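Worth saying up front: this structure is predicted, and the values here are computed from it rather than measured. Heads up: numbering here begins at 1 and tracks the sequence.
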Amino acid sequence: GENLILLTEGSKRRLCKDTSSVIPAKLRLKAVLCEVKLPEINGVNIDAFWPFWPLDRTGDALWLGVDLDKREGDFKVLTDPVELLSLRLGEADVDAIPSRASFNFKGTNSGTANMVVWWFEAQLSETDPSVVLTNAPTFLDGRHAATCWGQAAAEIAHTQVLKGESTEILMEMTFGDYQLKFQ
């Protein structure tokens, strides 16, 4: 999916008439802030081991795969979803997409955010926004059935989130590396 913007723009330019529609027509990225804790073992909080979990976090990847629908782990969603990106495929120019942006997440629960979890929505129809392929968690977006795809998550510095208030997070997007970084 990381090459979808470049792939659809190049394909439309080389293979289609100017008036042709591209499927999917639109791409959106949405995200929430979460408080993630390690599970307790026999009533003992093991969050001190946070720097060592998960093992694949120590590699070069800036994000890891999670699936909020499976309820694995202790993920507490703290905010309403925020749209990180929205663009028309086949027309979007990668160079015109800002590489940095700040987002305000509205708190639905109070807690300490230490992860950003995000997902995609690919709108398949130009005219019907309800025809969507998505990996959104169904408990956050019940319009669509669950898929076998999970969401992406990235660690952030511990940030206090208060119910009813906004929390600002900076996102950096490097298109050559197809990585999102959050601060």
Side-chain angles (χ1 to χ4, degrees), residues 1-9 12 21-36 62-69 75-111 113-147 149-157 159-183:
E2 291 85 359
N3 288 315
L4 193 57
I5 299 167
L6 292 172
L7 178 69
T8 55
E9 186 275 330
K12 183 173 181 179
S21 296
V22 173
I23 299 172
K26 295 180 182 176
L27 176 68
R28 290 181 202 85
L29 294 181
K30 294 187 176 185
V32 291
L33 299 181
C34 292
E35 179 179 76
V36 182
L62 297 175
W63 60 274
L64 56 110
V66 300
D67 192 336
L68 297 183
D69 285 326
F75 283 80
K76 178 182 175 185
V77 176
L78 300 175
T79 65
D80 283 330
V82 168
E83 188 171 274
L84 302 176
L85 178 71
S86 179
L87 49 87
R88 294 181 61 81
L89 293 170
E91 298 174 12
D93 178 6
V94 170
D95 296 327
I97 299 169
S99 61
R100 295 176 66 122
S102 290
F103 297 94
N104 288 308
F105 290 81
K106 183 178 179 194
T108 56
N109 293 296
S110 294
N114 56 358
M115 287 274 198
V116 176
V117 176
W118 71 93
W119 59 90
F120 74 90
E121 289 184 1
Q123 182 178 321
L124 302 178
S125 168
E126 291 259 349
T127 57
D128 186 352
S130 70
V131 182
V132 174
L133 177 64
T134 183
N135 65 335
T138 56
F139 75 93
L140 291 175
D141 183 352
R143 299 174 299 159
H144 314 287
T147 67
W149 302 315
Q151 298 80 43
E155 188 174 5
I156 59 173
T159 304
Q160 194 64 35
V161 174
L162 299 174
K163 184 176 182 174
E165 295 190 18
S166 289
T167 301
E168 186 177 24
I169 298 291
L170 176 68
M171 179 185 76
E172 293 182 5
M173 189 172 359
T174 309
F175 270 104
D177 299 333
Y178 301 105
Q179 296 286 339
L180 299 179
K181 297 177 189 176
F182 297 91
Q183 301 175 7

With rounding to the nearest 0.5 Å, note down the distance linking CH2 in W119 to CG in D141.
8.0 Å
CD1/I156 to CG/L33 distance, rounded to the nearest 0.5 angstrom?
5.0 Å
Any F139 side-chain heavy atom under 4.5 Å of V77 side chain
yes
Can you name the nearest heavy-atom pair linking M115 to E155, along with the distance?
SD-N, 3.6 Å
Measure the CG-CD distance between D69 and Q151 for me, rounded to the nearest 0.5 Å.
6.0 Å
Closest heavy-atom pair and its distance - A31, V116:
CB-CG1, 3.9 Å
Quick one: do L170 and R100 satisfy side-chain contact (heavy atoms from CB on, under 4.5 Å)? Show the steps, please.
CA-CA 7 Å; L170 176 68; R100 295 176 66 122; 2.8 Å; yes
If you round to the nearest 0.5 Å, how far is NZ of K76 from CG of N114?
11.5 Å
Least distance between heavy atoms, G150 atom then N135 atom:
O-ND2, 2.5 Å
NZ (K106) with more than 12 external heavy atoms under 6.0 Å:
no
In Å and rounded to the nearest 0.5 Å, what is the CH2 to CG distance from W118 to L29?
9.0 Å
Out of V131, L124, V132, which one pairs with D128 under the side-chain contact (heavy atoms from CB on, under 4.5 Å) rule?
V131
At what distance, to the nearest 0.5 angstrom, does OG of S102 lie from CD1 of I169?
9.0 Å
Any non-hydrogen side-chain atom of K163 less than 4.5 Å from a side-chain atom of N109?
no
Mark yes or no for whether T159, through its side chain, and A157, through its backbone, hold a donor-acceptor pair below 3.5 Å.
yes
Heavy-atom closest pair, residues V161 and A113
CG2-CB, 3.8 Å
Test your reading of the model: is there a side-chain donor-acceptor pair from T79 to the backbone of G107, 3.5 Å cut-off?
no
I'd like to know if E121 and K26 make a salt bridge, using a cut-off of under 4.0 Å between side-chain N and carboxylate O.
no
Heavy-atom donor-acceptor pair, Q123 side chain to S125 backbone, under 3.5 Å
yes
Quick one: closest heavy-atom pair of C34 and V117, and the distance?
SG-CG2, 3.8 Å
Residue pair W149 / T134: nearest heavy atoms and the distance that separates them:
CE3-O, 4.3 Å
